[in-house]
Participant: 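Submitted below is the structure of interest, expressed as structure tokens.
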Amino acid sequence: MTDFDHSSIETKWQRIWEEQRAFRAPDRPEGPRFYCLEMLPYPSGRIHMGHVRNYAIGDAVARYQLMKGRHLMHPMGWDSFGLPAENAAIQRGLHPREWTESNIADMREQLRRMGFAYDWSREIASHRPEYYRWNQWFFIQMHQRGLAYRSLRRVNWCPQCETVLANEQVESGACWRCKSLVVQKDLEQWFLRTSRYAEELLADLDTMGGWPERVLAMQRNWIGRSEGAFVDFAVEGGGPPLRVFTTRIDTIYGATFLALSPDHPALAELLEGSAARGGVEAFLHAQKQAPVGEKLSAEREKEGVFTGRHAVNPFSLERVPIWVANFIVMDYGTGAIMAVPAHDERDFEFATRYGLAVRTVIAPADGSSPAPPFTSEEGRTVESGPFSGLSCAQARKAMTEHARRLGFGEGSVQFRLKDWGISRQRYWGTPIPMVYCARCGVQPVPESELPVVLPTDVTFAGKGGNPLAGSASFVKARCPACGGEARRETDTMDTFVDSSWYFYRYLDPANDKAPFSPEAAAAWTPIDLYIGGITHAILHLMYARFWSMVMRDLGLGTPGEPVTRLLCQGMVQLGGATMSKSKGNVVAPDEMVERYGADVTRLFILFAAPPERDLEWSEAGIDGLQRFVRRVWRLVDAHASEAAGAGPPRRPAGTAALDLRRKAHRTLARVGDDIGRRLHLNTAIAAIMELVNALYLFAPLDENRSDGPDLSGEDRAVLRESLDILVQCLAPFAPHLAEEAWSRLGHAGLLARHPWPEPDPAMLEREEVTIVVQVNGKVRGKVAVPQGSDQEMVLEAVRRDARLGSVVFPPGAEGPRRAVFVPDKLLNLVVARP
RNA sequence: GCGAAAGUGGCGGAACUGGCAGACGCGCCGGACUUAGGAUCCGGUGGGGCAACCCAUGGGGGUUCGACUCCCCCCUUUCGCACCA
């Protein structure tokens, strides 16, 4: 009896896998392939339990698919640009590159010790010029096609990080990273035109059956498509008309005022000569002071002020006052609305506060007359001039057409999805490859001059501002058009750019002519399974989809949708909160590996909960997994010598042996299905535990003997087969243990690359099945009958059953009125109730 | 407010297409082996009666021969969006 020394055994197999290049993926797979991808980590320095869980899930699937005979692509890399490196530089005086590279080295080592089956030859890191030059290349391609543009925008600004934040990075008014209150600022920014793909991004969601419903819902919500119409209201006293967007043009006869965003560009002109000018300007000033968080809140009191001007409703020709209101946001629609207090809650609230008219123009179909505001679309228009009496849908159609014909409006579709602002005023990111020439304007850096490399002569003072702007050598540039002096763009790209296409670079990581070859992309994508946290359900996954569509349109051979199946694993929590360094509730994977080994750690984290569910960390159960590993090891250790000599089982042996064979083959089928189809890794492990229990019953171990019990030759063959199956089932979850056991059982070659066996169909059948016997739906007993028995045969068995017979057919009572029979499963007898 | 998911023993969780609720593990109880065991093996373990049976999957209704599973209402929790016109 030898103990399972996890430390030496795990190290040994990690070395052998590496030496034999066991997980190298071919550049061009021939035959079935599987691309298993896990979200790449930010190299913070240490891996945490969230990583371990993510990668243990992916590794189990990857190893299983490899054994199933598929060419496997299972790469790993580093999302290595970003703010923490810069902060570390400020705090420790290290260059961000040194800090990052050293973290990568540490974390790579930690991942190796977990025994994950990665093809490390494809490793990428986004902070390396070989990688980010392609960010720059993509940017230039997009710029040429009008997909990248520069625009002055009121942006969200984090005063702490001193950088712009995308809308997506503002969480209830605070910076998503540092939580400080976000303010607004006008800045020239680079944008990517995600809006051009809004329709496709939305429409595809309906076809993405391999994604969790909640992620699809979040993305739909985020894209936020609304069908409606623009309507132009002429301004009384001249000037250009005010254009509003509405989804309820059918209520336009109830519009009693217009409301403009405080940021509306037409305001200045409207206010000229208006008596209300002073009051409006005071209001606007007060609005500007309000912090962003408050500004975005729905609970905020609705406030506004009359501009002193009027507009004309083009349908009713009525005069309506023009107001400025704080609840109108500039970046949706036109920044101006027609307010219909009778049929919109917000408009109603505002009208009530300021004593504005409320006019009902929709009558509910049921004849009721509810108090305003009611927003239902069930009903007909009333008091709507020639459009009265139509259903809301009809009215919308007719009115939109009317506006179009008369030239004061048109149908329009609006999206909540905004273009992606990618400019960041940081050092540690991809330089945006543009230069500014006084004569020629904004010019892209020629492709031959890529990459634009980050300079090293920068100081990280922590005083704010972009360190890049302080690098004279970097800022000074030549204009590609005229050759004159020019100034280089110092903004860098949002790190979400890096992660939007990295999974294609893995396929062709050394390519220095293109980001990747179209052949490689076509051969390996779409990704079969992508695993990561739900935190990326919107941003990263939306950008990755957008980028794939752009690359497809650039002719790079990528599919429009990059991911066939998405698994969002739950978070690892401690004390009800996600583990995080700042909360101080982390458990270091290193310590677990040291104490229990990688196999036990992996088994535990996979067994404790199904992958999608949050997992509350508790070590209470880990002893069970350690026991399990030892039990497996003892089985193998005790039986290896005798089992090694046995051939395959020839014929059904005794009942016990036959039962064991069936158990083994059922386990094999179940584990395969649980990993390959259902992704229920916890139940797969449970099934393997059952097989281990069955093996112990079949061949009890005697502590006083070094060898196993006395078994017949046939029993030995069955035992041998079952042990082989056990070890193979275990390979995706506890790969080191499995390899060691495999070799102990006398097999040559790596188990990791050994074909996954097919269960013997004969062993999945049973000649006898247990039928549940119910009376009026209540279980009253069970009978054993041959598989495939019909109803009569089962009834006969029930009659013969000593106990059941009298329960089901009590003397003197009527027999069953009818029976519901599910073959091989259940018989339900419906009898008259007493 | 809108949207999504979840609620099952002391605990983590099973039950896939409506068909034996509680697989598997933790914990606990008992036994075996032991100088000892916090090692190992075997058995028990939802509740009530301790037998037949009855009750039980957040609560209440419904559909069905049969509901953890489907439908309606409600409660709780978590997550996402939050004045989107």
Side-chain angles (χ1 to χ4, degrees), chain A residues 171-172 212-222 224-226 228 244-248 259 261 295-300 302 325-329 331-340 344-347 349-350 414-417 534-535 537-538 570-571 576 603-604 607-610 612-616 618-625 627-628 630-631 634 670 673-674 677-678 680 682-690 692-693 696-697 700-704 770-782 803 807 816-822 825-831:
Chain A
E171 292 170 350
S172 55
E213 190 51 50
R214 64 178 163 153
V215 174
L216 298 176
M218 282 160 80
Q219 294 221 346
R220 261 184 215 113
N221 195 321
W222 194 258
R225 183 181 193 273
S226 293
V244 303
F245 175 72
T246 178
T247 54
R248 294 298 304 273
S261 163
K295 208 166 189 165
L296 292 175
S297 163
E299 281 112 62
R300 185 168 189 220
K302 290 185 180 28
N326 64 352
F327 68 98
I328 309 302
V329 296
D331 60 359
Y332 184 80
T334 62
I337 64 156
M338 63 173 208
V340 185
D344 182 284
E345 284 178 33
R346 296 154 304 176
D347 298 350
E349 192 186 326
F350 191 85
Q414 293 290 308
F415 292 92
R416 217 183 67 106
L417 180 75
I534 185 74
T535 40
I538 298 178
M571 291 179 289
L603 280 166
F604 175 59
F607 181 66
E612 324 78 51
R613 205 175 296 190
D614 285 347
L615 188 158
E616 172 67 26
S618 152
E619 275 158 52
I622 198 165
D623 287 342
L625 279 303
R627 259 193 295 257
F628 169 66
R630 286 188 188 144
R631 269 164 74 78
R634 269 197 306 276
R670 167 137 192 222
D673 190 49
D674 276 354
R677 181 178 64 90
R678 300 213 303 159
H680 283 203
N682 53 328
T683 55
I685 295 169
I688 300 171
M689 288 172 168
E690 287 187 53
V692 170
N693 292 343
Y696 267 80
L697 284 179
L701 292 188
D702 188 335
E703 277 301 298
N704 298 324
T770 304
I771 302 274
V772 174
V773 180
Q774 299 182 332
V775 175
N776 289 341
K778 294 209 181 261
V779 178
R780 284 292 176 264
K782 297 156 197 190
R803 201 178 55 78
V807 172
R817 266 195 279 175
R818 77 183 177 101
V820 179
F821 180 63
V822 183
K825 271 200 170 158
L826 169 136
L827 176 69
N828 186 17
L829 300 162
V830 185
V831 302

Participant: What is the separation between atom NZ on A:Lys302 and atom C1' on B:G1, rounded to the nearest whole Å?
Facilitator: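 A:Lys302 atom NZ is separated from B:G1 atom C1' by 11 Å.
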Participant: Is there a donor-acceptor contact under 3.5 Å linking the side chains of A:Arg631 and A:Asn693?
Facilitator: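 Per modelled atom types, A:Arg631 and A:Asn693 side chains form a pair under 3.5 Å.
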Participant: List the protein contact pattern of nucleotides 12-19 of chain B with one symbol per nucleotide (5' to 3'): B for base contact, S for sugar-phosphate-only contact, - for none; contact means a heavy-atom distance under 4.0 Å.
Facilitator: BSSSB--B
Participant: Report which part of the nucleic acid A:Gly224 touches: base, sugar-phosphate, or nothing (heavy-atom distance under 4.0 Å, all strands).
Facilitator: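 Since no nucleic acid heavy atom lies under 4.0 Å of A:Gly224, the category is nothing.
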Participant: Whole Å only: how far is the CG atom of A:Asn221 from the C1' atom of B:A82?
Facilitator: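 Rounded to the whole Å, the gap is 9 Å.
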Participant: Can you check the distance between B:U45 and B:G25, where both ends of the measurement are the C1' atom (answer in whole Å)?
Facilitator: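 It works out to 14 Å between them.
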Participant: Taking the side chain of A:Arg780 as heavy atoms from C-beta outward, which of B:U40, B:C24, B:C54 is closest to it?
Facilitator: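 Out of B:U40, B:C24, B:C54, the nucleotide with an atom closest to A:Arg780's side chain is B:C54.
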Participant: Considering only atom C1', compute the distance from B:C11 to B:G22 and round it to an integer number of Å.
Facilitator: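 Between the two C1' atoms, the distance is 13 Å.
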Participant: Mind calculating the distance between CD (A:Glu213) and P (B:A6) to the nearest angstrom?
Facilitator: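 My rounded result for the distance is 11 Å.
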Participant: In whole angstrom, give me the gap between the P atoms of B:A67 and B:A4.
Facilitator: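 These two P atoms come out 27 Å apart once rounded.
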Participant: Please classify B:G48 as syn or anti, treating any glycosidic angle within 90° of 0 as syn.
Facilitator: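 Anti, which is what one calls it when the glycosidic angle falls more than 90° from 0.
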Participant: Can you check the A:Arg214 CZ to B:U78 P distance for me, whole Å?
Facilitator: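 The distance from CZ of A:Arg214 to P of B:U78 comes to 15 Å, rounded to the nearest Å.
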Participant: Could you provide the dot-bracket string of RNA chain B, using ( ) for intrastrand pairs, [ ] for crossing pairs and | for bases paired to another strand, with Watson-Crick or G-U pairs below 3.5 Å?
Facilitator: (((((((..(((......[....)))((((((.......))))))(((....)))..(((((..]....))))))))))))....
Participant: Determine: side-chain N/O of A:Arg416 to OP1/OP2 of B:C83, distance under 4.0 Å, yes or no.
Facilitator: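 It does not, given that no N or O in the side chain of A:Arg416 lies less than 4.0 Å from OP1 or OP2 of B:C83.
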Participant: 5'-most contact on RNA chain B: A:Gly621 or A:Met338, nearest heavy atom basis?
Facilitator: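 The residue mapped nearer the 5' terminus is A:Gly621.
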Participant: Within 45 degrees of the axis of the six-membered ring of A:Phe327 and under 6.0 Å from its centre: does A:Lys302 put its NZ or CZ there?
Facilitator: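 Yes, A:Lys302 sits over the ring of A:Phe327.
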Participant: What's the CG-P distance between A:Leu603 and B:C26, to the nearest Å?
Facilitator: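 Computing the A:Leu603:CG to B:C26:P distance gives 13 Å.
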Participant: Is any side-chain heavy atom of A:Leu625 closer than 4.5 Å to one of A:Met689?
Facilitator: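 In contact.
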Participant: Using the C1' atom as the reference point in each nucleotide, state the distance between B:G46 and B:G13 in Å, no decimals.
Facilitator: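 To the nearest whole Å, 15 Å.
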Participant: What is the distance, to the nearest angstrom, from the OH atom on A:Tyr696 to the P atom on B:G43?
Facilitator: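 Rounded to whole Å, this separation is 13 Å.
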Participant: Given the P atoms of B:G9 and B:A23, what is the spacing between them in whole Å?
Facilitator: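 Nearest-Å result for B:G9 against B:A23 at atom P: 13 Å.
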Participant: Would you say A:Arg220 places a side-chain N or O within less than 4.0 Å of OP1 or OP2 belonging to B:C81?
Facilitator: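 Answer is no, no contact under 4.0 Å.
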Participant: Is A:Asn776 close to A:Val830 at the side-chain level, that is, under 4.5 Å between some pair of heavy atoms?
Facilitator: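 Yes, at least one pair of side-chain atoms sits under 4.5 Å.
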Participant: How close or far is atom C1' of B:G25 from atom CZ of A:Arg631, stated in whole angstroms?
Facilitator: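 A:Arg631 atom CZ is separated from B:G25 atom C1' by 12 Å.
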Participant: If you measure from the C1' atom in B:G80 to the same atom in B:G12, how many Å do you get, rounded?
Facilitator: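 Here B:G80 and B:G12 have their C1' atoms 26 Å from each other.
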Participant: I'd like to know if the side chain of A:Asp614 reaches the main chain of A:Gly570, judged simply by a donor and an acceptor atom lying under 3.5 Å from each other, with no hydrogens or angles considered.
Facilitator: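 Between the backbone of A:Gly570 and the side chain of A:Asp614 there is no qualifying donor-acceptor contact (under 3.5 Å).
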Participant: I need the CD-P distance between A:Gln219 and B:C2, as an integer number of Å.
Facilitator: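 Going from A:Gln219 (CD) to B:C2 (P), I get 23 Å.
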Participant: With rounding to the nearest 0.5 angstrom, report the CZ to CZ distance, A:Arg670 to A:Arg678.
Facilitator: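 With rounding to 0.5 Å, CZ (A:Arg670) is 6.5 Å from CZ (A:Arg678).
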Participant: If we only count heavy atoms from C-beta on, is the A:Asp344 to A:Ile337 side-chain gap below 4.5 Å?
Facilitator: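 The answer is no; the side chains never approach within 4.5 Å.
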Participant: Indicate, with a heavy-atom threshold strictly under 4.0 Å, whether A:Asn693 touches base, sugar-phosphate, or nothing.
Facilitator: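 Sugar-phosphate, no base atom in range.
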Participant: For the side chain of A:Ser226, starting at C-beta, report the closest nucleotide among B:A85, B:G80, B:A4.
Facilitator: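 Closest nucleotide among those given: B:A85.
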Participant: Pick the P atom in B:C65 and in B:C2, then give their distance to the nearest Å.
Facilitator: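 About 36 Å, rounded to a whole number of Å.
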Participant: Please pick, from B:U40, B:G3, B:C81, the nucleotide with the shortest atom-to-atom distance to any side-chain atom of A:Trp222.
Facilitator: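 Output: B:C81.
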Participant: Please step through side-chain contact (heavy atoms from CB on, under 4.5 Å) for the pair A:Arg214 and A:Ile534, ending with a clear verdict.
Facilitator: CA-CA 10 Å; A:Arg214 64 178 163 153; A:Ile534 185 74; 3.7 Å; yes
Participant: First locate atom OG1 of A:Thr770, then atom CG of A:Leu826, and finally report the distance between them rounded to the nearest 0.5 Å.
Facilitator: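 Atom-to-atom, A:Thr770:OG1 and A:Leu826:CG are 12.5 Å apart.
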Participant: Could you give the distance from CZ (A:Arg225) to CZ (A:Arg416), rounded to the nearest 0.5 Å?
Facilitator: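 It comes to 15.5 Å.
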Participant: What verdict does the side-chain contact (heavy atoms from CB on, under 4.5 Å) test give for A:Val340 and A:Thr246, after you've listed the backbone C-alpha separation in whole Å, the side-chain angles of each residue and the deciding distance to 0.1 Å?
Facilitator: CA-CA 10 Å; A:Val340 185; A:Thr246 178; over 6 Å; no
Participant: Under 4.0 Å between any heavy atoms, over every strand shown, what does A:Ile328 touch: base, sugar-phosphate, or nothing? Just pick one.
Facilitator: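 Base contact - A:Ile328 has a heavy atom under 4.0 Å of at least one base atom.
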Participant: Checking A:Ser261 side chain against A:Ile328 main chain: does a donor-acceptor pair fall under 3.5 Å?
Facilitator: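 Flag set: sc A:Ser261 to bb A:Ile328 pair under 3.5 Å.
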Participant: Please determine if a side-chain N or O atom of A:Arg627 lies less than 4.0 Å away from the OP1 or OP2 oxygen of B:C24.
Facilitator: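 No.
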Participant: Measuring from the side chain of A:Arg630 (C-beta onward, heavy atoms only), which nucleotide among B:G80, B:A85, B:A39 has the closest atom?
Facilitator: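 Looking only at side-chain atoms, A:Arg630 lies closest to B:A39.
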Participant: Using atom P of each nucleotide, how far apart are B:G44 and B:C50 to the nearest Å?
Facilitator: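 So the two P atoms sit 22 Å from each other.
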